[in-house]
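One structure is given below, encoded as structure tokens.
All heavy atoms count here, side chains included; hydrogens, waters and symmetry mates do not. Per chain, numbering begins at 1; letters A, B, ... match sequence-line order.
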Amino acid sequence: MPVLKGKELRIVGFLCNWCSYGGADTAGVGRFNQPTDLRIIRVPCSGRIDPLFIMKTLLNGADGVLVSGCHPRDCHYAEGNFYARRRLEVLHRFLPILGIEPGRFEYTWVSASEGQRWQQVVTRFTEQIHKLGPAPKIAGPAASETLRQMEAAL
Amino acid sequence: MKIGVFVCHCGSNIEGTVDTAAVAAAAREFPGVAFATDTMYTCSEPGQEEIVNAIKEHQLDGVVVASCTPRMHEQTFRRTVERAGLNRYLFEMANIREHVSWIGKDREANTNKATELVRMAASKLLHNRPLLSKQFDINKRVLIIGGGVAGIQAALDCAEGGLEVILVEKTTTIGGKMAKLDKTFPTVDCSCCILGPRMVDVAQHPNITLYAYSEIEEVSGYVGNFEVKVKKKATYVDWDKCTGCGICMTKCPSKKATDFFNEGIGKTTAINIPFPQAIPKKAKIDANFCMKLQKGKCGICAKVCPSGCIDFTQQDEFVTEKVGAIVAATGFDLFDWTVYGEYGGGRYPDVITSLQYERMLSASGPTGGHIKRPSDGKEPKNVVFIQCVGSRDKSVGRPYCTGFCCMYTAKQAILTKDHLPEAQTYVFYMDIRATGKNYDEFTRRAMEEYNAKYIRGRVSMIYPKGDSLLVRGADTLMGTQVEVDADLVVLAVGADSSAGAAGLAEKLRISYDSYGFYMEGHPKLKPVETNTAGVYLAGCCQGPKDIPSSVAQGSAAASKVLGLFSKDKLASDPQVSVVDIKRCIGCGKCIKTCPFGAIKEIDFRGMKKAEVIETVCQGCGICTSTCPQGAAQLQHFTDNQILSEVNALCQF
Amino acid sequence: MKYQQELKDSIRKALPGLDVVIAWSAGYDPLHATPHFIRREEDIDRLEIGPFSVHNLATYLPGLRGKKVGIVVKGCDSRSVIELLQENLINREEVTIFGFPCTGVVDQTKIRKALGHTGKVDFCQIASQTVVIGLGGEEHKLRLSKVLADKCFSCQYPNALISDHFVGEKISPSVQTEGDDDLEAFEKMPMDERFAFWQKEMDRCIRCYACRNACPMCVCRDHCLAESRDPHWLSQEDSVRDKWMFQLIHAYHLAGRCTECGECQRACPMDIPLLLLKKKMNKEIKELFQYEAGVDPEATPPLLSFKMEEENINEREW
């Protein structure tokens, strides 16, 4: 299932369960229209997001990765987003050496009540990625074939 | 694995913009999926029955429901699959309502996105493992931190419920801020008369152990089994012997000690019992002012004490208490209003705080209940009240409304008139917030019956003028400048979080907001819980509130504790981190970063290894993203589970 | 090397209390040294230190835990020892550190670039600033500065930062280049060229893991993510994606830990410029947190700590 050709780009979001995932729900409940590109992976805390997940996602061909967690000091687990901030900032600054535009990865904070803010974040990020266009892809065997092998391995 | 996929229409909520039948059809092609269908209302009883039947009929061992947010119905469906004999963690949800159908109308894009979310859920499910919770014993004693009205209420309710209660109070007496008040709104009844008996109940209750003049030094353990180290600060008085007779106070020659209880209105003796109804009624020596402790000369109190309880060599003492739950009821402190240069910044003696005024109004206060100007002791004619001092003011970093100042200002205006019938009161206000039962009527009485002049506007400056003060401000309703000659100015100072709040929060491992107020578990549905299991909140430590709300929270926290202790054993959440001992190299990075102290170092055949204390682990996964070997894996959110989601979404 | 005898004497004195002392000795030809494990007194004589003492011997330490180990370190190697101490991967009381003032080591790749594949070398003499290599009866003269490793030009720590026995006089760093030229040059390239560059470089990777095995901070040993199924970060495929991902895992796992000893790149048989990734990581870590790995055994690395308010992170701008 590729993204809709010509319409969408591949954007993956990693959201903490307590704040941003809730904020995305709040945006849904409020029927705040958003671009359809984003696919959300739910994690318990932004501190759970190993920056390597983001590198993996980007190498796997994502055009953009968005991370969102609780605002600093509002972490459900007290400190998770403080660790996340350092690690994600390092990643953000590291990506250009690989030839990946730093704008393909952003991280931000959205609370469970900020439905409107979530709508703005998604819209803005999606626009940013569309402006950058499709990410360069690693040349290699067809996706379906590799995936079949990978699933066999997993 | 044989996975069953159920795509919910949610009436037209989803079906309106998502072709659910197409999603189900696509899902049949996904690895592991043995059965897929679309259903009208999956969460309804027939919808759940359908899942149960499908599990049995198709021997499914995993279920994906594509419907609303898991924050809504994850628990519901987990119970459903459990009813059909599956482990509750062999279940995943795809959020195709809040994250798909409700946020866009493009049916093609929505159907495609919903299909991908189902694919993602199914591929994660392939890596799910059954998880089982463990049972553990609980210690049915409760620690209550803070002996204000909220803490007192929580302590009495718990004690009445048959629990052993440890009450720790920072100062030498319980009672908190309420004990300092003269009267309470809107009934104008005597604060000490209603609180006093409750304080006595605490002292006399067989289930309550009170540590006054004590603080929390250290907290370890987890819900059901906390271990708390309490520091009993040195009072230089043996409280086992002290009878509270007060002879020492009458003879103490050092009479310039700060009178904390009276908010610095007047001075007191170095050895001191703060007020007649103090519980425990025991004396304490203020080491900063005691001549014996400072200069080695004096010791009069020791000579006059009939029970021989003075001990100048006393040291801080530590006791350890084991409890199963903790209630934080640490209250608030007054905002430091001296940052307001326009109010004199503390230079004018006749500009005082509302709590100082309260002590002045109190018959047992330093002025014996007479309103006197601190500068010359004269009775004031014009008394000006200024509201929102350190409330609703971004410029001093306090954008929130303290909430109870409007009410106590009205009360103080009424009491002023009661004490000094000739006096005129003025109240500068921003808005009047009187939303409680009988509150608005009360502020109206202050204006209509007690002739308090309410002026809507802020004060721009206070100047000294002769022996009185000139208060200049705006009247925004009239659109004019106003100047009032004031003999006394009372500032309605807002509430700040208690000075040691952040430090205690870190010991308790609970979170606090940027103002230092403790965070409740959920702003609406978990008002007295915290995100640390077994730690509850009561009163102003969670945010400013008036006495009835504080008492209600005290009771609420107590009922939570009693509810927790109604079981004999607690079940742990199995979504915790687990360390693969073979992969662990004992570097201790996880121990360093765990916010809950839930990982300990163990010795395994002479090698250092990490081990998770399941009952302490809260399941954040910081250790998992910290461990370079991937040895620590947060169950249900393992690397493999998240990677399978990534791989399902990004296929190069 | 000036202090070689002094060092030997020092080791001789300490050896009775130690299980092994790790140093260098002459390798298979005059251009190479090899790690040398001194267990008996007669082993001491073969010890040689000098410009060919390239290996970072700290790599061996975690594997020798529980034994009394002596180790000879250059300044850069000592930072790896500090890092291992900081991470509790070795015990200070089990390790005896011998330090000496290092004046730089050679980069074999540079020699190879100058002389081609040398084959058998007759002799090699280093006299002050010149390297004379005898090759098939001919003498080749190379300026020492042309064949020294890049890291030596920006070396801040020529003396061991931590040692129990230090031979010779401590020397002051002779920093010849500020910052990092190759990183700066690389960062001037357009994004798409960088992406293409790595794709090409990673395509040459043969997945031998020499980079990992030489790295003193790659302490996972048998539990490397590269060969694990739980968690399953990488497949065993020979794909650019997996090989690149492995280097990213390596670089990120070294964030705040890498001392830029350069062993990964030195060990790489394909001469893939792996150190570039680590230099970039270190540069950002230093800018963000003013932190340098391997200097203070008591420090907490930046990614294992945080501040409520970060001075250099302004994430709210996005």
Side-chain angles (χ1 to χ4, degrees), chain A residues 47 50-56 58-61 66-67 69 71-73 75 79-109 121 124-125 128 132 135-141 146-147 149-154, chain C residues 183 186-187 189-200 202-203 225 229-237 239-245 247-249 251-253 255-256 276-281 283-285 287-289 302-310 312-318:
Chain A
D50 192 329
L52 293 171
F53 285 132
I54 296 155
M55 298 201 202
K56 179 89 177 164
L58 288 166
L59 288 192
N60 269 16
L66 176 66
V67 167
H71 288 278
R73 291 177 196 267
C75 177
E79 297 174 353
N81 52 4
F82 288 128
Y83 287 109
R85 178 166 59 186
R86 284 196 161 197
R87 295 168 184 186
L88 297 172
E89 180 66 22
V90 166
L91 173 73
H92 194 261
R93 288 161 169 248
F94 178 74
L95 286 178
I97 191 101
L98 306 176
I100 297 174
E101 297 281 354
R104 293 199 183 276
F105 161 62
E106 299 287 355
Y107 66 100
T108 189
W109 320 121
V121 164
R124 186 170 161 205
F125 187 69
Q128 181 171 320
L132 288 168
K137 304 281 186 285
I138 300 173
T146 315
L147 190 80
Q149 289 178 1
M150 253 171 32
E151 256 153 17
L154 277 168
Chain C
L183 180 59
F186 188 85
E187 289 195 304
M189 266 160 67
M191 285 288 168
D192 53 337
E193 278 178 36
R194 297 186 210 176
F195 194 85
F197 172 86
W198 287 114
Q199 236 192 115
K200 200 174 113 241
M202 291 306 155
D203 193 32
L225 290 182
R229 282 179 156 243
D230 190 7
H232 197 213
W233 281 89
L234 301 172
S235 78
Q236 296 307 304
E237 250 186 296
S239 73
V240 171
R241 184 171 291 105
D242 281 306
K243 294 188 286 195
W244 197 353
M245 189 65 206
Q247 289 307 333
L248 298 185
I249 292 174
Y252 175 68
H253 280 176
L276 207 52
L277 296 175
K278 283 120 198 170
K279 281 181 181 168
K280 170 71 174 170
M281 194 65 95
K283 183 182 145 203
E284 299 305 335
I285 295 262
E287 258 180 48
L288 280 171
F289 312 115
L303 295 192
L304 298 185
S305 58
F306 63 83
K307 283 185 186 163
M308 297 253 200
E309 304 294 337
E310 301 279 2
N312 299 321
I313 304 181
N314 196 356
E315 81 280 7
R316 284 166 200 280
E317 255 181 15
W318 186 78

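Top candidate by heavy-atom pairs under 4.5 Å with chain A, chosen from C/K283, C/E284, C/H253, C/E187, is C/E284. Looking only at heavy-atom pairs under 4.5 Å with chain A, the residue among C/L277, C/D203, C/D230, C/I285 that has the most is C/L277. Contact count versus chain C (heavy atoms, under 4.5 Å) is highest, among A/V90, A/L88, A/V121, for A/V90.
For C/P190, no part lies near chain A; criterion is any non-hydrogen pair under 4.5 Å. Proximity to chain A (any heavy atom under 4.5 Å) is shown, for C/A196, by neither the backbone nor the side chain. Looking at A/E101, both its backbone and its side chain come within 4.5 Å of chain C, counting heavy atoms on both sides. Heavy-atom distances place no part of A/N81 under 4.5 Å from chain C, backbone and side chain included.
Within the 3.5 Å criterion, the main-chain N or O of A/G103 finds no donor-acceptor partner in the side chain of C/W318. The backbone N or O of C/K307 lies less than 3.5 Å from a partner atom in the side chain of A/R85, making a donor-acceptor pair.
The distance from atom CE of C/M308 to atom CZ of A/F82, rounded to the nearest 0.5 Å, is 5.0 Å. How far CD of C/E310 is from CZ of A/R86: 4.0 Å, rounded to the nearest 0.5 Å. Residue C/Y252 holds its OH atom at 8.0 Å from CG of A/L91, rounded to the nearest 0.5 Å. Separation of atoms CZ (C/F289) and CD (A/E89) is listed at 7.5 Å; rounding is to 0.5 Å.
Closest approach of A/R87 and C/L304 over heavy atoms only: NH2-CD2, 4.1 Å. Closest of all the heavy-atom pairs between A/L59 and C/R241 is O-NE, 2.9 Å. Closest approach of A/Y107 and C/I313 over heavy atoms only: OH-CG2, 3.4 Å. Residues A/R93 and C/N312 come closest through the heavy atom pair NH2-O, 3.8 Å. Closest approach of C/E315 to A/P72, counting heavy atoms only: OE2-CG, 3.8 Å.
Of the charged side-chain nitrogens involved, at least one lies within less than 4.0 Å of a carboxylate oxygen, so that A/R73 and C/E309 count as a salt-bridged pair.
With sequence neighbours excluded, the residues forming a ring-ring contact (aromatic ring centres under 6.0 Å, His included) with A/H92 are A/F105, listed by chain and number.
C/F306 and A/Y83 have perpendicular rings, their planes meeting at more than 60° on a 0 to 90° scale where under 30° would count as parallel.
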Could you go step by step and tell me if A/K56 and C/L248 meet the side-chain contact (heavy atoms from CB on, under 4.5 Å) rule?
CA-CA 9 Å; A/K56 179 89 177 164; C/L248 298 185; over 6 Å; no
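Exactly one of C/F195, C/W244, C/F197 qualifies for a side chain to side chain contact (heavy atoms under 4.5 Å, CB included) with A/L98. That residue is C/W244.
Residues A/P136 and C/M191 fail the side-chain proximity criterion, which asks for heavy atoms closer than 4.5 Å. At a threshold of 4.5 Å between non-hydrogen side-chain atoms, the residues A/L52 and C/M245 count as touching.
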